[in-house]
Amino acid sequence: MSNTVDYLEQLENEAIYILRETAAQFEKPALLFSGGKDSIVLVHLALKAFRPGKFPFPLVHIDTGHNFPEAIQFRDELVEKIGEKLVVGYVEDSIKKYNLKETGGRFPSRNSLQTYTLLDTIEENEFDACIGGARRDEEKARAKERIFSVRDDFGAWDPKLQRPELWNILNGKVQKGHNVRVFPISNWTELDIWNYIKKYNIELPNLYFSHDRECIKFQDKLVATSAFIQPQEGDEVVIEKVRYRTVGDMTCTAAVPSEASTIDDIIEDIIQTRISERGQTRLDDQLSEAAMEDRKKQGYF
């Protein structure tokens, strides 16, 4: 047990150092907050890094309009509780502004459209760094990211032009018009996140714990019915005990069958599984082998 605590403290210290370096090196940073477990842990770390003062950055949510209501409710309650500023960019506004077309198919994703909203939100607020909760263990494109990841004038990411990061030296100097994405929990795993949540008894949306939900069986996935996803003729509709490993859009995030109703149960689930959370639940990442990397090159977070 002591080794686990020591390891979590090392990860925590690294993340707090990165948050403070971001506040020191950039003029107008922002913390991207979705209401999911990773961004909730980031907020907890920011509280440790900057309290009793206010955060040196606002929380920013890029709202696709397809969010789980439980995540939005949790977002608003947490922001009110900690008394910090929330900036929301709406994908619906970008669709109207740029006359964008949504992805077709049975389970449409607005992830590619988020890029327009994110880049507009960055430009409107003059953010020079955006802090996010991406982790290297989630997906192979994210494994290529540095902690300070530079984006060009168009928000695009080039994996071949990543800066070396030696020891704990972080270089936030960029050309005018460029932007940096900051990943304080890059070196954490899904299991680390849950052990940290357990250690500090961090509150989460109830989506993460086992509950009964009406789902459509699609191939080997369970996709919850909602205002955006309705059963069609021939669909197998079931009510299953499920939980969510990751909270993306309702249209492209599948649930997993689970009886895990406590944090200890979830930790045991994660120890037993051999499939990454995005690999098991995100339909949009399975469009191609390089789906995530392609979106990141276009400006996606």
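Note that the numbering runs from 1 along the sequence shown for the chain.
No more than 12 heavy atoms of other residues, nucleotides or ligands shown are found within 6.0 angstrom of NZ on Lys85. Enclosure of atom CD in Glu165 by more than 12 non-hydrogen atoms of other residues, nucleotides or ligands within 6.0 angstrom is indicated. Atom CD of Glu80 has 12 or fewer neighbouring heavy atoms from other residues, nucleotides or ligands inside a 6.0 Å radius. Counting non-hydrogen atoms of other residues, nucleotides and ligands closer than 6.0 Å to CD of Gln230 gives a total above 12.
Expressed to the nearest 0.5 Å, how far CG of Asn111 lies from OG1 of Thr103 amounts to 8.5 Å. Taking CD of Gln10 as the start and CG of Asp192 as the end, the distance is 11.0 Å to the nearest 0.5 Å. For the atom pair OH of Tyr17 and OG1 of Thr22, the computed distance is 9.5 Å after rounding to the nearest 0.5 Å. With values rounded to the nearest 0.5 angstrom, Glu123 atom CD is found 11.0 Å from Asn179 atom CG. Interatomic distance, Ser94 OG to Gln114 CD, rounded to the nearest 0.5 Å: 10.0 Å.
A donor-acceptor contact under 3.5 angstrom links the side chains of Thr225 and Glu214, judged on distance only. Remark: the His178 side chain and the Arg151 side chain contain no N/O donor-acceptor pair separated by less than 3.5 Å. Between the side chains of Asp137 and Thr189, no donor-acceptor pair of N or O atoms lies under 3.5 Å. Side-chain polar atoms of Tyr200 and Glu12 form a donor-acceptor pair below 3.5 angstrom. Side-chain contact of Tyr116 with Asp93: a donor-acceptor pair under 3.5 Å is absent, judged by distance alone. A donor-acceptor contact closer than 3.5 angstrom links the side chains of Gln272 and Glu268. Side-chain atoms of Thr117 and Asp120 include no donor-acceptor pair closer than 3.5 Å.
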Open item on the list: Show, in sequence, the C-alpha distance, side-chain angles and deciding distance for Leu78 and Phe74, and conclude whether the side chain to side chain contact (heavy atoms under 4.5 Å, CB included) test is met.
Closed with: CA-CA 6 Å; Leu78 180 59; Phe74 187 92; 4.1 Å; yes

- [ ] Quick one: do Ile122 and Cys130 satisfy side chain to side chain contact (heavy atoms under 4.5 Å, CB included)? Show the steps, please.
- [x] CA-CA 8 Å; Ile122 289 172; Cys130 290; 3.8 Å; yes

- [ ] Show your reasoning for whether side chain to side chain contact (heavy atoms under 4.5 Å, CB included) applies to Val238 and Ile216.
- [x] CA-CA 6 Å; Val238 296; Ile216 298 167; over 6 Å; no

Open item on the list: Between Glu145 and Arg163, is the salt bridge (Lys or Arg N to Asp or Glu O under 4.0 Å) condition met? List the steps.
Closed with: CA-CA 10 Å; Glu145 291 273 22; Arg163 295 172 172 178; over 6 Å; no

Open item on the list: Set out, in order, the CA-CA distance, both residues' side-chain angles and the distance that settles side chain to side chain contact (heavy atoms under 4.5 Å, CB included) for Asp235 and Phe218, then state yes or no.
Closed with: CA-CA 8 Å; Asp235 282 342; Phe218 175 74; over 6 Å; no

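Aromatic ring centres of Phe68 and Tyr244 lie closer together than 6.0 Å. Note: Tyr7 and Tyr196 fail the aromatic proximity criterion, with ring centroids not under 6.0 Å apart. With ring centers used as reference points, His61 lies 6.0 Å or more from Phe33.
With sequence neighbours excluded, no residue forms a side-chain hydrogen bond (donor to acceptor under 3.5 Å, both in side chains) with Asn206. Checked against side-chain hydrogen bond (donor to acceptor under 3.5 Å, both in side chains), Ser261 has no partners two or more places apart in sequence or in another chain.
The two residues Ala71 and Ser34 make their nearest non-hydrogen contact at CB-O, 4.3 Å. Contact record, Phe26 with Gly172: CE2-O, 3.4 Å, taken as the closest heavy-atom pair. When all heavy atoms are compared, the tightest approach of Glu190 to Arg245 is OE1-NH2, 2.6 Å. For the residue pair Asn187 and Leu11, the shortest heavy atom distance occurs at O-CD2, 4.0 Å. Minimum heavy-atom separation, Gly65 to Phe228: O-CZ, 3.2 Å. Here the shortest heavy-atom pairing between Ile40 and Gly35 reads CD1-O, 3.5 Å.
Hydrophobic cluster membership is shared by Phe57 and Val79, with clusters built from Ile, Leu, Val, Met, Phe, Trp and Tyr side chains linked at under 4.5 angstrom. Each of Ile169 and Val180 belongs to its own hydrophobic cluster when Ile, Leu, Val, Met, Phe, Trp and Tyr are linked at side-chain heavy-atom distances under 4.5 angstrom. Connection of Ile266 to Val256 is not established within any shared hydrophobic cluster, with ILVMFWY side chains joined at heavy-atom distances below 4.5 Å, either directly or through further cluster members. Cluster annotation: Ile18 and Leu166 are assigned to distinct hydrophobic clusters (Ile/Leu/Val/Met/Phe/Trp/Tyr, side-chain heavy-atom contacts under 4.5 Å, transitive). There is a path of hydrophobic side-chain contacts, each under 4.5 Å, that joins Ile202 to Ile193.
Using a 4.5 Å heavy-atom cutoff, the side chains of Ser39 and Arg75 are not in contact. Here the side chains of Leu113 and Thr64 are not in contact, with every heavy-atom distance at 4.5 Å or above. A heavy-atom distance below 4.5 Å is not found between the side chains of Val242 and Ser258. The side-chain heavy atoms of Leu45 and Ile185, taken from C-beta on, include a pair separated by under 4.5 Å. Here the side chains of Ile239 and Arg213 are not in contact, with every heavy-atom distance at 4.5 Å or above. Looking at Glu102 and His66, their side chains come closer than 4.5 Å, going by heavy atoms from C-beta outward. For the pair Leu170/Gln25, a side-chain contact is recorded, criterion being any heavy-atom separation below 4.5 Å from C-beta on. Contact check for Asp265 versus Glu259: no side-chain heavy atoms found under the 4.5 Å cut-off.
In this structure, Asp212 pairs ionically with Lys241, as a charged nitrogen and a carboxylate oxygen lie closer than 4.0 Å. With respect to Asp249 and Arg110, no salt bridge is recorded, no charged nitrogen being found less than 4.0 Å from a carboxylate O. Checked for salt-bridge contact, Glu84 and Arg51 meet the test: a charged N lies under 4.0 Å from a carboxylate O.
A perpendicular orientation is assigned to the rings of Phe209 and Trp194, their planes being inclined by more than 60° (bins at 30° and 60°).
The residue from Glu203, Glu138, Glu277 that alone fulfils the salt bridge (Lys or Arg N to Asp or Glu O under 4.0 Å) condition with Lys37 is Glu277.
The backbone N or O of Phe183 sits less than 3.5 Å from a side-chain atom of Ser186, completing a donor-acceptor pair. Counting only distance, with no hydrogens or angles, the side chain of Thr273 and the backbone of Asp269 share no donor-acceptor pair below 3.5 Å. A side-chain donor-acceptor contact under 3.5 Å links Asn171 to the backbone of Lys173. A donor-acceptor pair under 3.5 Å is absent between the side-chain atoms of Asn195 and the main chain of Leu8, judged by distance alone. Checking side-chain atoms of Tyr208 against main-chain N and O of Thr246 turns up no donor-acceptor pair under 3.5 Å. Remark: the backbone N or O of Ile72 is not paired with any side-chain donor or acceptor of Asn67 at under 3.5 angstrom. Under the 3.5 Å distance criterion, the side-chain polar atoms of Lys28 are matched with a main-chain donor or acceptor of Asn125.
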